[in-house]
Number of protein chains: 2
Amino acid sequence: MPAGRFAGAAASHVVTRVDDARPGAIVTETRPRRPRIADVAQVAGVSKASVSFAFNNPERLRAETAERIRSVAAEMGYRPHPVARMLSARRTMTIGVLTPQPLSQVYANPFFSYFAEGVASVLEEGGFGLLMISPLRGSLARALDRATVDGVVALGLDETHPEIEAIRHADLPMVLVDAPAWPEHAAVEVDDEGGARAAAQHLVDLGHRRILVIAVEGPVAGEGPVAGPEGQHEGVMGRRLRGYEAVLGAAGIELGPDAVVVAPATFEGGEAAFLRAWEDGLRPTAVLAMSDAVAIGVLQSSRHLRLRVPRDLSIVGFDDLPVGRFSDPPLTTVHQPVRRKGEEAARLLLEELGGKAATPAPHRVLKTRLVVRRSTAVPPAAAGREEVERT
Amino acid sequence: MPAGRFAGAAASHVVTRVDDARPGAIVTETRPRRPRIADVAQVAGVSKASVSFAFNNPERLRAETAERIRSVAAEMGYRPHPVARMLSARRTMTIGVLTPQPLSQVYANPFFSYFAEGVASVLEEGGFGLLMISPLRGSLARALDRATVDGVVALGLDETHPEIEAIRHADLPMVLVDAPAWPEHAAVEVDDEGGARAAAQHLVDLGHRRILVIAVEGPVAGEGPVAGPEGQHEGVMGRRLRGYEAVLGAAGIELGPDAVVVAPATFEGGEAAFLRAWEDGLRPTAVLAMSDAVAIGVLQSSRHLRLRVPRDLSIVGFDDLPVGRFSDPPLTTVHQPVRRKGEEAARLLLEELGGKAATPAPHRVLKTRLVVRRSTAVPPAAAGREEVERT
DNA sequence: ACTGCCGACTAAACCGGTTCAGTAAACCGG
DNA sequence: CCGGTTTACTGAACCGGTTTAGTCGGCAGT
């Protein structure tokens, strides 16, 4: 009874799928598995193609048929499987935001929220989803390989990243933000050096000469060192440092080796860094912080130390996050369009995905500007004397 | 020449795929398309299965073979296609964080960063990716349908959400945070009412009687109204309001209709709300804000109004975000373990995915506690008189 | 009555992997 | 030298959709 055998095989096949009963399996309530397009097709008495059309190309079906299929589908609780759809459509309608740091670190810097806000607003408009890509079990390349995205916005991805080659290899449309530009990728950055210059010049103009620089590591900076192997500065923090140094140098101010410290880009990081510097005997009249979060932390620790800002200590931040407007005193800082950076990056990426890739890849540099609020003033009168004492 | 025809068909087939040349297409550089497992198999002279094993089950192959396959694959730049892998593995190794608000709003409240930090830290440990799910073209259900995730952490998803049925229907493992519990889903929340009571009691104990309450809408609150149809309060904000009212009522203080205002959960929202209330003639001696971000905004606007905090105005926040420690004065607030909320939610979800689902679904309520810092004090001496004047 | 065309629908290929069942060859003790 | 096990690998089914290239019946035109 060969026909019977085939029929039997087919039937058992169906049964296997319906309740997934394996010989040894514990018999649980036979929860109906998620209906597939084939199930809907069968119940509605049409082909899979028709069901697909009913959802995606209703005009190819008689209106009545399409409606019937849809109602059957609704009744069965059918929802097209998103992964299957992605596979066959060859696109995911999702883009990734890649960060070299673990997300738990990234989110600690408010900077990231505003950046993500910018990215998200453009993606939402374009109907794209947002996937966070950060190291998976220590490997960023692995995370990228697992990521189902059509493109990537990479934030602070330094060329010195150990997996840079693997990441390049992923060969996905990619826009780099705050990273050394690779010719093949579009990029968005800001005039970090110019902003840093303006900040330093502001302090010099006020008469400061003993200045503490606080660089940051982590979320904004990428993982690269502030100074490269040959002492030349790389990455965002390097450019900012170069800006500071150029202006200070021109004013005859040399930054000693302990006048540049590094801290995590968080409130706590800034607080701890300034306290440590103070305990080490440093007595700056002004602080150049490479992040507003750090600057707010310094503001806080200066209160612990009974330093009045700006009378005893001037503080300049970087980023111009909203929190800087709400501190007391409001923070003098270098404005960069954080949100717009995210928007621009997302827009460039969507353009590239839409086939409108410009060649060569666009490289956008957004402006920075100094925003003078109330955390800076002329140094205390005693400044000159103390400088002599220490020198 | 039937054999020839078949051979020809096969060949043209390959060609079609290699450069995807359509008759009308502009001839660009024939960029080799991404190699598939079949290409690797062919070059290495093995079957697709072997290539798959070389990556996922190397022990099933002779070491030498596995190595050869891997090196061929590396040379060709082969990376397994993540979507295909998901489809056949029937899991995505990704979980979604669902928010009823657009991401651009969500990120505006620093609360979310800390929550996401908690979720992300657990996911990273478990090797899961993180997808943000927020309304797509206005529809949260659509976004959820498109989302390739194994489970969802839903933040502030109110029962009154218009698409709640469709969302329920998605039938994904889901953990609800700060939402009315549905019996079938695990949930994490905090003792909002208790925290609110403590905050109100603190103000009552200090002697305040004219109190402004600022509720929030947006990221933390879900989209539901603060008060339900029958005047009973729903959701997080409802519970907090109930806590405030219980204590104030017991102290003989009635909250008039304009003594409860609503603002977005942002610095700016708080700033604007308090200014508006002031312009409306309200002269509270204390503010109960349902979010630290709002409280900081109030702090700022009180400076504009030349009100000294806490001497002229006391402010109590809610959440205990780091920013509250760094304000001047540091903020008295209700602590809730925001990060841990994220961690717990993620953990519960991963347990469920791991088949360790407890029944009934666990419902975790985390503690809140009042943290008294420097933004609260006894009301100004003039308080009693002014109250009489207004009444 | 024959051809051509149109509308409605379907069969089968395809997306790119994983995995189950099976096979051929090598190995092994008796 | 023989049955039985292992080892190393393969063919084909499968995951769940979309899309291409038809098929088929009916109707208009001649």
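Since we're looking at a predicted model, the values are computed, not measured. Side chains are part of it too, since the values below use all heavy atoms of this structure and drop only hydrogens, waters and symmetry mates. Labels below follow one simple rule: chain letters A, B, ... track the order of the sequence lines, proteins then strands, and each chain is numbered from 1.
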Calculate, to the nearest 0.5 Å, the distance between atoms CG and CG belonging to A/L349 and A/D150 respectively.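 A/L349 CG to A/D150 CG: 8.5 Å, rounded to 0.5 Å.
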Considering only distance and modelled atom types, tabulate donor-acceptor pairs under 3.5 Å from the side chains of residues 59-66 of chain A, sequence neighbours left out.
none

Exceeds 12 heavy-atom contacts within 6.0 angstrom, atom CZ of B/R91: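 Not more than 12 within 6.0 Å, no.
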Is the shortest heavy-atom distance from the side chain of B/L350 to the side chain of B/V122 under 4.5 Å?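 Yes; the side chains approach each other to less than 4.5 Å.
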Within the 4.5 Å heavy-atom criterion, are A/I167 and A/L140 side-chain neighbours or not?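 Yes, side chains in contact.
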Using whole Å, what does the distance between atom [atom2] of nucleotide [N] and atom [atom1] of [X] come to?
X      : N      : atom1 : atom2 : value
B/R91  : C/dT19 : CZ    : P     : 10 Å
A/D145 : C/dG17 : CG    : P     : 12 Å
B/R90  : C/dT18 : CZ    : P     : 13 Å
B/M93  : C/dG17 : CE    : C1'   : 17 Å
B/R146 : D/dG17 : CZ    : P     : 14 Å
B/D39  : C/dG16 : CG    : C1'   : 10 Å

Do you know which two heavy atoms are closest between A/A120 and B/S104, and how far apart they sit?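 Smallest heavy-atom distance, with atoms named: CB-N, 4.4 Å.
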With a 4.0 Å cut-off, would you call A/R34 and A/D39 a salt bridge?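 Judged by the 4.0 Å cut-off on N to carboxylate O distance, A/R34 and A/D39 do not form a salt bridge.
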Can you confirm whether the side chains of A/S139 and A/E163 place a donor and an acceptor under 3.5 Å from each other?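 Note: A/S139 and A/E163 side chains meet the donor-acceptor criterion.
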Identify all stems in which DNA chain C takes part, counting only runs of at least 3 consecutive pairs (Watson-Crick or G-U wobble, each distance under 3.5 Å), and give each as one range with another, ordered by first number.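 Stem list for DNA chain C: C:1-30 with D:1-30.
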Taking DNA chain C as the partner, which of residues 69-88 of chain A come within under 4.0 angstrom of it by heavy atom?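 Within residues 69-88 of chain A, the residues near DNA chain C are A/L87, A/S88.
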Mind jotting down which residue pairs meet the salt bridge (Lys or Arg N to Asp or Glu O under 4.0 Å) criterion with at least one end in residues 121-146 of chain B? Sequence neighbours excluded, please.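 Matches after skipping sequence neighbours: A/R79-B/D145.
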Going by salt bridge (Lys or Arg N to Asp or Glu O under 4.0 Å), name the residues that satisfy it together with B/E352, two or more places apart in sequence or in a different chain.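 Checked B/E352 against salt bridge (Lys or Arg N to Asp or Glu O under 4.0 Å); zero matches.
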Give the intermediate values and the outcome of salt bridge (Lys or Arg N to Asp or Glu O under 4.0 Å) for residues B/E351 and B/R347. CA-CA 6 Å; B/E351 276 168 19; B/R347 228 187 303 276; 5.9 Å; no
Sub-4.0 Å heavy-atom contacts from residues 42-62 of chain A onto DNA chain D, ordered by number: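 The answer is A/K48, A/A49, A/S52, A/F53, A/N56, A/R60.
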Would you say D/dC9 has OP1 or OP2 under 4.0 Å from some side-chain N or O of B/T65?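 Checking B/T65 against D/dC9: at least one side-chain N or O falls below 4.0 Å of OP1 or OP2.
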